[in-house]
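Right, one structure below, let's go through it.
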Amino acid sequence: MTVQRTEHSSEHNVGHIKGISGPTVTVDMQGLKLYDRVYVGRAMLTGEVVRLEGPGAIIQVYEDTRGLGMGEPVKGTGNPLTVRLGPGLLAGMFDGLQRPLERLREETGPFITTGKELYALDYMKQWRFHPLKKPGDAVRMGERLGYVEEGPFKHYFLSHYDGAILRIIDGDFSLNDSLGELDGGRDMVGCTEWPVRTPRPIRRKLPSREPLITGQRSIDMLFPLSRGGTAVFPGGFGTGKTILEQSIAKFADVEIVVYVGCGERGNEMAEMLEEFVTLTDPWSGRKLTERTVFVVNTSNMPVAAREASIYTAVTMAEYYRDMGYHVLLLADSLSRWAEALREISSSLEEMPGEEGYPTYLASRLSSFFERAGVVETLSGELGSLSMILSVSPPGGDLTEPVTQACLRTAGAFLMLDTSLAHRRHFPAINWFQSYSLYEKELAPHFREKVSPRWEELKQKCREVLRREESLREVTELVGIEGLQDADRLLMQVAERVRTEFLGQNAYTEDAFSPPDKTIDRIGAIVEFHAAASEKLKQGVLLEEAVKTSLNAK
Amino acid sequence: MRLSEHIYRTISSIGGPLVFVDKVFSARIGEMVRIVYPDNRRMDGEVLKIDGETVLIQVYGDTRGLDVENSSIIFSETVKLAPLSPDIIGRVFNGSFLPMDGMPLFIPEKQSPITGFPINPSARARPEEFIETGFSCIDGLNTLVKGQKLPIFSAAGLPSKEMAAGILRNARLADETKRFVVVFAALGLTFREYSFYRTVLQEMRTGFVAFVNMADDPVMERLLTPRFALTVSEYLAFELGIDVLVVITDMTNYCDALREVSTAREELPGRRGYPGYMYSDLASLYERAGKVKGLAGSVTMLPVLTMPEDDITHPIPDLTGYITEGQIVLSRDLHRKGIFPPVDVLPSLSRLMQHGIGAGHTREDHRKVSNLLYKYYAKGRDLRRLEAIVGRDGMTDSDKQMLDLAGAFEQEFVNQEIKRRTVHETLDAGISLLKRFGVVVE
């Protein structure tokens, strides 16, 4: 994309700071457009225009404003806030503004200081370009021109225009170089910039028919997720949100994962990075880092950049989707994003909605969720972008605005339960409150591809859990001794369902359960139940029936 | 750079800890100012907001005696800095970094901004080195590791100060040859508590640095004190290579001070009147704990807070729990039974425990012993509800045994008075308890 600068741009696009309040700065400046990117102060902090007022503007600054002074200069760029897209993003770690954290560390040391701008991509690195087109070919916008190998993936370059190719390279190039030329003197380039708040174009959206296998038995069987779908899981602290997000990031059946640590703990990210380097992707057998992009804006990093981080991430995710890949975006946690939105809104002195959140919280959320989906890309490929987002409701109270706003749009709701977590039942997904809207659409897939018994076993599993719940009340009154043998057997079966099937220790081999294993596990328990019930009917004592049925297996 | 000192006598209004100054030429956000009272007292303040030529200043002290006509404000052109030097070890300061031990201030080697800079997430090293606290309930079941932040959730009337003191006295590194310093930050301490901690600090074998804001000291100072303590900790850890344990008590007083400023600024109150940005503000403190790749030292944090009305869903413990890597929860019920430390292990958690235990860290069987203890204790606790309904006689023998195990666990394993246990003693105690109740420990 090129920038159209007007003649007067240079004189209009410099102003001065007139006021500062937290992350927002007032400037006396004209010729700005809403959501333009600006550089604030002598330290050149990155900011974005959020409101135009009379002769001036209000700017939201993405870095720490401490030390910023009255009268310091402000420069406009004429461009919105963008991310750079090109080969070299995979295995990278970026902050909310897409600054590469590894290289930032090499340049400025272990602590992040303000006003340092670094490009996300390495413009010096040499890539081997393999053309798919030759001079004379006509291309349409979005069509594949060629690719480089980025780790195990073919990183396709898509044409930005319709036209005929005059010249195309075959061999090494760096991102500074041109890939060739289209008619009319238009350059073909290896990297592009894209405004983070604008969804990337697609040909059309398609309905989803395929599941997103997570390797978590309780999710895959009871609350299946779909490719191109969205899921939220709210849970109080200590319910294992982050561990679950990380497990899904490790084992999900997708090609590329974008993980956003949005306002969360720094140590957790360190732990995750170290772990990902050593682990392999169970689906492809390759290193996990090779398929992952990390966006990290920990809780002590600037609040406004936290707000931008999920957009930065989703734009990178869409970029890979456009090449025809299945991409999963994981964010931990959406509540921190909403809180950042609230902080910015209150420093703009906007009229607050529920619990101080701005009234546009729900609409922002739903338009963000709508960037997920299965799509036909401009080049006619099939790609998908799925989202799994955690929510941290204050005090574990699910009636709060962020959870409620998510529920209106998300396709699956996995409620993490504090009481299960206290019993060390992980993943602590409550099996009565959670739901998945994709269950019906995905049933044919599981029936045909995994096992014809999938639906039947799922119903049995649910049934056991439901009956256990009603028996539990009785047991609390009369004790387990007061139950009939068949009911006592059911309680034992339910315990097995909970501990052996629903429970999964994230630190053992069992952390990943492919669909075959999932169906075997539940199948074994259901058969045990049937065999033992049969023996009870024949008059065998409970202990005996349990023992022989276990041995029979 | 300004060439001359900027002194303004243009105060337009004063309300609580906030002062508005007019016609200021070029202020900076976060800039330190000195407020000169009519009686020549001097107090520090900070620029919170700039609106044209009007500047909002927060005063870190009592604003009584301040007036509009005769008071003046001196702008410093720098953010608040903390003086640093290796000589700081062994000293006691008040909440504004003035010596309280009768000796003069050391000669600073350098000055650092007290808000610090966030650690680049890619520079963080994974915390995995064990710290022995001497308490079985922590070492055995909720292990603390270097670079972790693990708060103690207490409630009014529970012995959190005895527990903090126990950790101060008994904390040891696995490698005893390394230097270890405790940085102690007290916020809103009563004189009684102060004299208690004073004795503890003086008896300590390892070095310490203390910052003490007393209950009758200015409330606003409580926003500064933990930042001084953490700046000193980062200096000791990342520049001098020392392992630092920071104990901050009581974070509830910090949050209340934050709320006071927020309401004085007429900001929109969040839950229970605490400001909406409390999460980010708390994170700017807690996230300063950590270890950095390639640097020797570490900052480990043990904040103590009091849960108002024993309510763990109150915003203070709730937001803290969302930021920290676990929590140690004290229980009134165990305290009534005379158990010390009265730690309820079921809601307690250490998220970084997995990497700090086992062979090479503590002992090979650590994970297994801790899982078994946890599992059977949880089972026993569940059965107590049943016992309350059907009575002990109505229960099966195996259920009765679980009940006894839970009781013995509290009385023998959690309860240890002030006696220090090494992690080996802790694990052995756990194994012998399990064996006595017929649990097989391989």
Side-chain angles (χ1 to χ4, degrees), chain A residues 17-22 26 65-71 93 101-102 104-105 108-113 236-238 261 263 265-271 273-274 296 298-301 303 336 339-340 342-343 346 352 355-356 392 394-397 422-424 475-481 507, chain B residues 24-30 49-52 79 115-127 147-148 238 267-268 270-271 276-277 279-280 283-284 287-288 290 292-293 295 313 315 318-319 321-323 325-327 346-347 349 352 354-355 374-375 378 385-386 389-390 394-396:
Chain A
I17 297 179
K18 284 287 150 216
I20 312 169
S21 165
T26 324
T65 50
R66 195 166 286 268
L68 211 57
M70 262 296 284
M93 185 184 193
L101 289 169
E102 287 284 344
L104 198 64
R105 177 177 135 227
T108 62
F111 295 92
I112 297 180
T113 48
F237 67 81
R265 307 175 181 94
N267 279 335
E268 266 169 10
M269 292 311 301
E271 202 180 321
L273 284 173
E274 221 158 283
V296 183
T298 55
S299 54
N300 55 340
M301 286 157 77
V303 164
R336 306 296 164 230
E339 282 165 15
R342 175 168 69 182
E343 232 167 279
S346 83
E355 287 196 22
S392 322
D397 170 17
H422 281 184
R423 277 188 264 153
R424 294 292 200 265
T475 320
E476 282 189 358
L477 289 176
V478 300
I480 189 95
E481 301 297 296
Y507 296 102
Chain B
V24 179
F25 174 57
S26 66
R28 292 174 179 282
I29 270 285
K49 187 175 169 180
I50 305 170
D51 187 7
V79 295
T115 43
F117 295 102
I119 303 179
N120 185 326
S122 75
R124 276 186 190 267
R126 179 163 85 180
Q148 184 174 14
F238 303 129
E267 287 169 336
L268 206 71
R271 278 202 310 150
Y277 52 79
Y279 176 84
S280 303
S284 75
E287 277 290 324
R288 291 173 79 173
V292 171
K293 281 180 198 161
L295 297 182
T313 65
D318 189 52
L319 295 179
Y322 272 124
I323 304 164
E325 284 123 2
Q327 65 277 339
L346 295 190
L349 171 73
L352 302 178
Q354 294 299 333
H355 302 290
Y374 196 96
K375 178 173 159 196
R385 269 187 312 178
L386 181 61
I389 299 165
V390 300
M395 299 173 75
T396 62

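Within every chain, numbering begins at 1; the chains are lettered A, B, ... in the order of the sequence lines, protein sequences first and strands thereafter. Only a predicted model underlies this, so the values are computations on that prediction, with no experimental measurement involved.
- Between B:Leu352 and A:Glu271, some side-chain heavy-atom pair lies under the 4.5 Å cut-off.
- Checked by atom type and distance alone, the side chain of A:Arg424 never pairs as donor or acceptor with a backbone atom of B:Tyr374 at under 3.5 Å.
- Considering only heavy-atom pairs separated by less than 4.5 Å from chain A, the leading option among B:Thr115, B:Asp51, B:Leu295 is B:Thr115.
- The residue among A:Gly19, A:Ser392, A:Ala270 with the most heavy atom pairs within less than 4.5 Å of chain B is A:Ser392.
- A:Ser346 does not touch chain B: none of its heavy atoms, backbone or side chain, sits under 4.5 Å away.
- The CE atom of A:Met301 sits 7.0 Å away from atom CG of B:Asn120, with the distance rounded to the nearest 0.5 Å.
- Each of B:Val24, B:Val390, B:Val292, B:Leu319 has some count of heavy-atom pairs under 4.5 Å with chain A, and the biggest count is that of B:Val390.
- Only the backbone of A:Thr475 comes within contact range of chain B, judged by heavy atoms closer than 4.5 Å.
- Residues A:Ile112 and B:Pro121 form a side-chain contact, since some pair of their non-hydrogen atoms from C-beta on lies under 4.5 Å apart.
- With rounding to the nearest 0.5 Å, the separation of NZ in B:Lys293 from CD in A:Glu274 is 6.5 Å.
- With hydrogens and angles disregarded, a donor-acceptor distance shorter than 3.5 Å links the side chain of B:Glu287 to the backbone of A:Gly266.
- Considering all non-hydrogen atoms of both residues, B:Gly321 and A:Arg265 come closest at O-NH2, 3.2 Å.
- Using a 4.5 Å cut-off between heavy atoms, B:Tyr279 touches chain A through its side chain atoms alone.
- The contact between B:Glu325 and chain A is made by backbone and side chain atoms together, counting heavy-atom distances below 4.5 Å.
- To the nearest 0.5 Å, the span separating CG on A:Leu68 from CZ on B:Arg28 amounts to 8.0 Å.
- At a cut-off of 3.5 Å, with distance as the only test, a side-chain donor of B:Ser280 or A:Glu343 sits close to an acceptor on the other residue.
- Only the side chain of B:Gln327 comes within contact range of chain A, with heavy atoms under 4.5 Å apart.
- Heavy atoms of A:Thr65 lying under 4.5 Å from chain B belong to its backbone as well as its side chain.
- Annotation for A:Phe111 and B:Ile119: closest pair CE2-CG1, 3.6 Å, computed over non-hydrogen atoms.
- Side chain of A:Asn267 to backbone of B:Gly147: a donor-acceptor contact under 3.5 angstrom is found.
- In terms of heavy-atom pairs under 4.5 angstrom with chain B, the leader among A:Glu355, A:Lys18, A:Met269 is A:Lys18.
- Closest non-hydrogen pair, A:Ser299 versus B:Ala283, comes out as OG-CB, 3.2 Å.
- With a 4.5 angstrom heavy-atom cutoff, A:Arg342 touches chain B only via side-chain atoms.
- Only the side chain of A:Glu339 has a heavy atom closer than 4.5 Å to any heavy atom of chain B.
- With values rounded to the nearest 0.5 angstrom, B:Arg271 atom CZ is found 7.5 Å from A:Asp397 atom CG.
- Ranked by heavy-atom pairs under 4.5 Å with chain A, the first of B:Ser284, B:Pro127, B:Ala378 is B:Pro127.
- A:Arg105 contributes atom CZ, which lies 13.0 Å from atom CZ of B:Arg124 (distance to the nearest 0.5 angstrom).
- Of the possible donor and acceptor atoms, none in the side chain of A:Asn300 sits under 3.5 Å from a partner among the backbone N and O of B:Pro118.
- For the set B:Phe117, B:Tyr322, B:Tyr277, B:Phe238, the entry with the most heavy-atom pairs within less than 4.5 Å of chain A is B:Tyr322.
- Chosen from A:Gly396, A:Pro394, A:Gly71, A:Gly238, the residue pairing most often with chain B at heavy-atom distances under 4.5 Å is A:Pro394.
- Here the straight-line distance linking atom CD1 of B:Ile323 with atom CZ of A:Arg336 works out to 7.0 Å at 0.5 Å rounding.
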